[in-house]
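Just below is one structure, and these are the notes that go with it.
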Amino acid sequence: MWLFNRKGSSGFSSSSTAEEVTHGVDASGLTAIVTGLVRPESILIDERDGASSGIGTETARVLALRGVHVIMGVRNMAAGRDVKEAIVKEIPSAKVDAMELDLSSLASVRNFASDFNSSGHPLNLLIKMNDFIFSIVSNNAGIMAPPFMLSKDNLELQFATNYLGHFLLANLLLDTMKKTAHESNREGRIINVSSEFHRYPYPEGIRFDKINDQSGYKKFQAYGQSKLANVLHANELMRRFKEDGVNITANSLHPGVIATNLFRHNTSLADDNPIRVFLESAARLVLKNVQQGAATTCYVALNPQVKGVSGEYFSGCNLAKASSMAKDAELAKKLWDFSMNLVNK
C-alpha cells in the first residue's frame, strides 16, 4: 500500500510491518494474552478465514519472535494448536500456548481467567483483537454483517463479543497484571483493537436502555457501538490506573483495513482474468496486508516509544485522534458502571 507510506512522528507509517516496528526490541520475560486470534479484523475477507491468515496470528508470531511468552485465547482449540505449531516451526525458541476462550460467553471468560490466574503465570500484556467481524465481497455476495443475534448470556452479540467479554476478562486479570507490574517493575500494557468504525455508532453512542432492542438494530451501527465501547473502555482504564498509581497503560487502536483472499470464494473469475488481476492490484495500493495489519498492535504493545503513554488512540503506528464521543469521560464512566451491572447479574 505505497499510497500510504508517509511516515509519522513515530518514524513509522501505515505501510510499516509488525517486524519493522518491533525491530531491536528484546521482550524476553514478558507474558502476553492475545484474544480473538482466529477472527481477524478485515473488510475484504471471509469471516471464516482462520488463524493461518489473520492479523491475530501475525501479532502472536511477532511477539513470540521478540521473546514474549504468548498465550492465545481461542474459540477453536484445533485452530489454536495449528497456529502454535506453525509459529514454533518457524521460531523454535518461541513460547506459545493456546487456551480455550469464547468472548461471547461470560462463563467461558470466567473459566479462562480462573485457569490463567491459577497457573501462576505473570501477565504483562493483554491484547484484545477483534473477535466478531463483518465482511464485504465474501461468498460472491455484497455487504455482509451479522443480523440481530443474542449471545449465550442473552446480550446483543456484537456488543457481547467485541466488548463485554473483554471488559470482564480485563477485570478478572487486573490483579495479576498489577502484581506483575509491581514485582517486575515493568510497565503493563492493555491494548484494545478497535476500528475507525467507532466513529459511526448509533446517534446516542451506546444504547444503554436498548442494548437488546431488535426492532431498532442496525448491524453496522451496532458494530460501531461495540468499537466505540473498546475505546471508551481503554480510556476509563487509563483514568483508574492513573488515580490508583498503577504502572499499567491502556490504549486503543485501528489496525487498518486488510485485504486477504479477496476472491477465495469467487470461482467465476480465473486467476489470470484481467478484471481479477486489476482489482487485486488496486486493493494492494490502498489496503494493508497481514504483516502491515498487525503492525500498530505490535507497536503499541512493545515499542519503547509508547512507554508511559495511556488513554490514547493509534492508527498507522502513530498517535491519532479518536472521535469526540470516544473522548467523553462521563460516557466512559457510565459505560463502565453499565458493564459492571451486566457482568454481575
Side-chain angles (χ1 to χ4, degrees), residues 33 35-41 47 56 73-76 99-116 126-135 144-174 190 192-195 197-237 250 252 325-326 328 330-345:
I33 289 176
T35 73
L37 192 70
V38 299
R39 293 221 176 196
E41 158 101 357
E47 71 173 57
V74 298
R75 291 181 183 179
N76 185 327
M99 293 175 60
E100 187 172 357
L101 173 62
D102 179 356
L103 285 170
S104 70
S105 165
L106 298 181
S108 177
V109 172
R110 290 190 173 94
N111 288 337
F112 177 95
S114 177
D115 290 345
F116 180 84
L126 177 58
I127 302 173
K128 179 263 176 195
M129 307 297 295
N130 273 0
D131 205 65
F132 198 94
I133 65 169
F134 62 87
S135 62
M144 296 178 63
F148 181 84
M149 291 184 282
L150 293 176
S151 70
K152 295 175 182 177
D153 302 288
N154 292 315
L155 292 165
E156 190 275 308
L157 190 59
Q158 294 199 71
F159 184 81
T161 307
N162 284 347
Y163 164 68
L164 192 65
H166 185 71
F167 170 85
L168 175 61
L169 181 64
N171 275 10
L172 294 175
L173 296 175
L174 274 183
I190 295 177
N192 286 357
V193 176
S194 180
S195 167
F197 265 87
H198 85 272
R199 304 182 191 279
Y200 309 105
Y202 294 104
E204 62 269 45
I206 308 295
R207 306 178 81 209
F208 293 107
D209 298 326
K210 300 179 180 179
I211 206 70
N212 284 347
D213 179 19
Q214 184 173 358
S215 63
Y217 177 80
K218 297 184 185 301
K219 51 195 176 185
F220 293 114
Q221 288 180 319
Y223 183 76
Q225 173 182 246
S226 72
K227 298 291 94 185
L228 172 62
N230 291 151
V231 183
L232 291 169
H233 177 219
N235 293 349
E236 179 63 11
L237 281 171
S252 55
M325 193 175 287
D328 186 331
E330 289 302 315
L331 182 60
K333 186 178 185 305
K334 183 176 181 180
L335 176 63
W336 181 282
D337 294 339
F338 177 71
S339 303
M340 288 297 292
N341 287 332
L342 288 177
V343 299
N344 290 322
K345 280 186 176 180

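Everything quoted here is computed from the prediction, not taken from an experiment. Along the sequence shown, the residues carry numbers beginning at 1.
- For the atom pair Met340 CE and Lys345 NZ, the distance stands at 13.5 Å (nearest 0.5 Å).
- Closest of all the heavy-atom pairs between Asp153 and Ser104 is OD2-O, 3.6 Å.
- Minimum heavy-atom separation, Val109 to Leu101: CA-CD1, 3.8 Å.
- Of the inter-residue distances, the one linking Leu169 atom CG with Phe116 atom CZ reads 9.5 Å to the nearest 0.5 angstrom.
- At least one donor-acceptor pair closer than 3.5 Å links the side chain of Asn212 to the backbone N or O of Asn154.
- With a 4.5 Å cut-off on side-chain heavy atoms, Leu164 and Ser339 count as touching.
- Applying side-chain contact (heavy atoms from CB on, under 4.5 Å) to Trp336 and the options Leu232, Leu237, Asn235 leaves one that passes, Leu237.
- For Gln221, the side-chain contact (heavy atoms from CB on, under 4.5 Å) partners at least two apart in sequence or on another chain are Tyr202, Pro203, Lys218.
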Kindly indicate, with the supporting measurements, whether the criterion side chain to side chain contact (heavy atoms under 4.5 Å, CB included) is fulfilled by Thr161 and Met149. CA-CA 11 Å; Thr161 307; Met149 291 184 282; over 6 Å; no
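- Between the side chain of Ser194 and the main chain of Lys227, a donor-acceptor pair closer than 3.5 Å is present.
- Between Tyr163 and Phe159, the two ring planes are tilted [angle within 30° to 60°].
- With sequence neighbours excluded, the residues satisfying side-chain contact (heavy atoms from CB on, under 4.5 Å) with Ala160 are Ser151, Leu155.
- Residues Leu150 and Gln214 have side chains not in contact (no heavy-atom distance under 4.5 Å, counting atoms from C-beta outward).
- Counted within 6.0 Å of CG on Asn344, heavy atoms from surrounding residues, nucleotides or ligands total more than 12; the atom is thus considered enclosed.
- Not counting sequence neighbours, the partners of Phe208 by the ring pair (Phe, Tyr, Trp, His ring centres under 6.0 Å) test are Phe338.
- Inter-residue side-chain proximity for Phe112 and Thr35 is flagged as unmet; no heavy-atom pair is nearer than 4.5 Å.
- Residue Arg110 holds its CZ atom at 5.0 Å from CG of Leu168, rounded to the nearest 0.5 Å.
- Looking at Asp102 and Lys152, a side-chain N of the basic residue comes within less than 4.0 Å of a carboxylate O on the acidic one, giving a salt bridge.
- Between the NE2 atom in His198 and the CD atom in Gln225 there is a gap of 14.0 Å [rounded to 0.5 Å].
- By the side chain to side chain donor-acceptor pair (under 3.5 Å) test, Arg199 is found to be paired with Glu196, residues two or more places apart in sequence or in another chain being considered.
- Smallest separation of non-hydrogen atoms from Ala326 and Leu228: CA-CD1, 3.6 Å.
- Partners of Ser105 by side chain to side chain donor-acceptor pair (under 3.5 Å), not counting sequence neighbours: none found.
- Rounding to the nearest 0.5 Å places CE of Met325 at 12.5 Å from OH of Tyr200.
- Looking at Asn230, Val193, Asn192 one by one, the single match for side-chain contact (heavy atoms from CB on, under 4.5 Å) with His166 turns out to be Asn192.
- With rounding to the nearest 0.5 Å, the separation of CD1 in Ile190 from CG in Leu174 is 5.5 Å.
- Residues satisfying the side chain to side chain donor-acceptor pair (under 3.5 Å) test with Asp213, not counting sequence neighbours, are Arg207, Ser215.
- In this structure, Ala222 and Gln158 approach most closely via the heavy-atom pair CB-NE2, 3.7 Å.
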